[in-house]
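What follows is one structure encoded as structure tokens, with my remarks underneath.
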Amino acid sequence: VPMYVADDALIRAIVGFDFHRGVLACGRRPATPTLDSLLERATSDPSRPLTLVICPETNETENLGAIMRIGAGFGVDALLLGERCCDPFSRRAVRVSMGAAFTLPIRRSDDLAGDIARLRDAWRVETIAAVCAPDATPLRDAQRPRRFALMLGSEAHGLPGNWIDRADHRVTMPMHLGADSLNVAVAAAVCLFHFGGKSPCD
């Protein structure tokens with residue numbers, strides 16, 4: 001692998017901002033895996049527990065980076081991204097992920113609705129939509145399916161109705177003092193901790 005030494009001005013010009021840790025690297029983006037290859041371990045053992053995170057429209061790179069880091073920390077098997085989701089390999093998403101972007105299996109889907117349907121039909125995965133709705137199940141009362149996918153909304157609008165309609169379950173976190181929601185990455189952490197605590201793997 002070639003290695004080059006550069007002065008600070010050139011490094012800032014390459015990176016595009018005044019933040020530098022001393023080493024830069026350039027690599028090839030991995031090919032987007034197929035749904036089958038992403039869930040290869042699951043197909044070999046239909047009884048194996050499975051945890052996925054689905055982000056149809058997350059559009060803030062820092063939030064997506066945090067979700068990747070959180071997902072890796074809680075043992076998520078894979079992350080599925082919709083067509084309108086931001087780039088998981090953008091520099092800011094990678095930095096906030098603390099490298100999880102390179103270890104957590106990620107699929108950026110061209111047909112997320114079709115992928116969700118296949119998850120349900122082929123792998124018996126139940127989808128759980130995190131929503132702000134008083135008639136949804138409070139998170140503290142929600143039970144973990146053996147195989148499930150947590151679906152998270154966008155920062156500004158949450159999950160659109162067309163994605164909520166595809167979910168098998170809806171969960172919500174009751175808010176206090178006039179707050180209507182949490183940051184999407186914070187919500188991901190709370191939900192994954194709750195469901196992880198009831199994992200059949202424990």
Side-chain angles (χ1 to χ4, degrees), residues 21 30 32-33 35 38-39 41-42 48-82 84-109 112 115-116 119 125-132 136-159 163-164 167 169-175 179-202:
R21 285 290 191 182
T32 297
L35 197 59
L38 197 69
L39 301 177
R41 288 184 299 167
R48 179 184 176 275
L50 187 69
T51 303
L52 306 173
V53 170
I54 300 174
C55 295
E57 300 181 10
T58 301
N59 46 44
E60 292 287 341
T61 54
E62 291 185 350
N63 282 332
L64 186 59
I67 290 170
M68 290 188 284
R69 182 180 182 184
I70 290 161
F74 285 111
V76 166
D77 292 282
L79 174 65
L80 273 65
L81 306 179
R84 298 179 62 183
C85 201
C86 61
D87 183 2
F89 296 110
S90 67
R91 67 189 184 201
R92 186 168 294 178
V94 168
R95 177 169 59 84
V96 176
S97 81
M98 296 295 289
F102 304 121
T103 58
L104 179 67
I106 300 170
R107 171 171 167 76
R108 188 163 191 169
S109 176
L112 186 60
D115 280 354
I116 292 172
L119 286 173
V125 174
E126 298 180 42
T127 50
I128 300 176
V131 300
C132 300
T137 301
L139 180 63
R140 62 178 172 270
D141 299 328
Q143 300 296 309
R144 176 202 161 100
R146 188 169 184 82
R147 305 182 130 210
F148 83 101
L150 176 65
M151 196 182 307
L152 301 166
S154 69
E155 293 80 0
H157 306 293
L159 271 173
W163 295 110
I164 295 173
H169 312 281
R170 298 180 307 140
V171 298
T172 191
M173 287 176 271
M175 299 282 105
D180 63 352
S181 64
L182 298 179
N183 169 275
V184 63
V186 174
V190 173
C191 289
L192 289 172
F193 179 80
H194 171 80
F195 288 120
K198 297 184 178 182
S199 170
C201 298
D202 293 344

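Computation of the quantities below employed the complete heavy-atom set of this structure, encompassing side-chain atoms and omitting hydrogens, waters and symmetry-equivalent molecules.
For Arg146 against Arg144, the heavy-atom pair with the smallest separation is O-NH2, 3.4 Å. Residues Pro56 and Leu159 come closest through the heavy atom pair CG-CD2, 3.9 Å. Leu38 and Pro105 make their closest contact through CD1-CB, 3.5 Å (heavy atoms, listed as atom of the first residue, atom of the second, distance). The heavy-atom pair separating Thr58 from Cys85 by the smallest distance is O-SG, 3.2 Å. The minimum heavy-atom distance linking His194 with Leu139 is given by the pair NE2-O, 2.9 Å.
Side-chain contact between Leu35 and Leu80 is present, with heavy atoms from C-beta onward closer than 4.5 Å. The shortest side-chain heavy-atom distance between Asn63 and Cys86 does not fall under the 4.5 Å cut-off.
Residues passing the salt bridge (Lys or Arg N to Asp or Glu O under 4.0 Å) test with Glu60: none are found, sequence neighbours excluded. Here Ala136 pairs with Val131, Ala133, Arg170, Thr172 under the side chain to side chain contact (heavy atoms under 4.5 Å, CB included) rule; sequence neighbours left out. The salt bridge (Lys or Arg N to Asp or Glu O under 4.0 Å) search around Arg91 returns none, not counting sequence neighbours. With sequence neighbours left out, Arg69 forms a side-chain hydrogen bond (donor to acceptor under 3.5 Å, both in side chains) with no residue at all. Residues that satisfy the side chain to side chain contact (heavy atoms under 4.5 Å, CB included) test with Leu104, not counting sequence neighbours, are Met68, Val76, Leu79. Residues meeting the ring-ring contact (aromatic ring centres under 6.0 Å, His included) test with Phe148, sequence neighbours left out: Phe195. With sequence neighbours left out, Ser90 forms a side chain to side chain contact (heavy atoms under 4.5 Å, CB included) with Thr61, Asp87, Ala93. The side-chain hydrogen bond (donor to acceptor under 3.5 Å, both in side chains) test applied to Thr127 returns Asp168, not counting sequence neighbours. Under the side chain to side chain contact (heavy atoms under 4.5 Å, CB included) criterion, Met175 pairs with Met173, Ala179, Leu182, not counting sequence neighbours.
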Return a table of donor-acceptor pairs under 3.5 angstrom between the side chains of residues 184-191 and protein atoms on other chains or two or more places apart.
none

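Atom CE of residue Met151 and atom CG of residue Leu52 lie 10.5 Å apart, to the nearest 0.5 angstrom.
When each of Ile54, Ile67, Ile128 is checked for a side chain to side chain contact (heavy atoms under 4.5 Å, CB included) with Leu152, only Ile67 meets the rule.
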Check your understanding: After noting the C-alpha distance and the side-chain angles of Ile70 and Val53, does the key distance pass the side chain to side chain contact (heavy atoms under 4.5 Å, CB included) rule?
Key -> CA-CA 10 Å; Ile70 290 161; Val53 170; over 6 Å; no

Exercise for review: Take Val125 and Leu39 through the test side chain to side chain contact (heavy atoms under 4.5 Å, CB included) and record every step on the way to the result.
Suggested key: CA-CA 11 Å; Val125 174; Leu39 301 177; 5.7 Å; no

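Judged as a salt bridge (charged side-chain N to carboxylate O under 4.0 Å, His left out), the pairs with a partner in residues 98-109 (not counting sequence neighbours) are, in order, Arg107-Asp115.
Asp77 contributes a side-chain N or O that, together with a main-chain N or O of Thr51, makes up a donor-acceptor pair within less than 3.5 Å.
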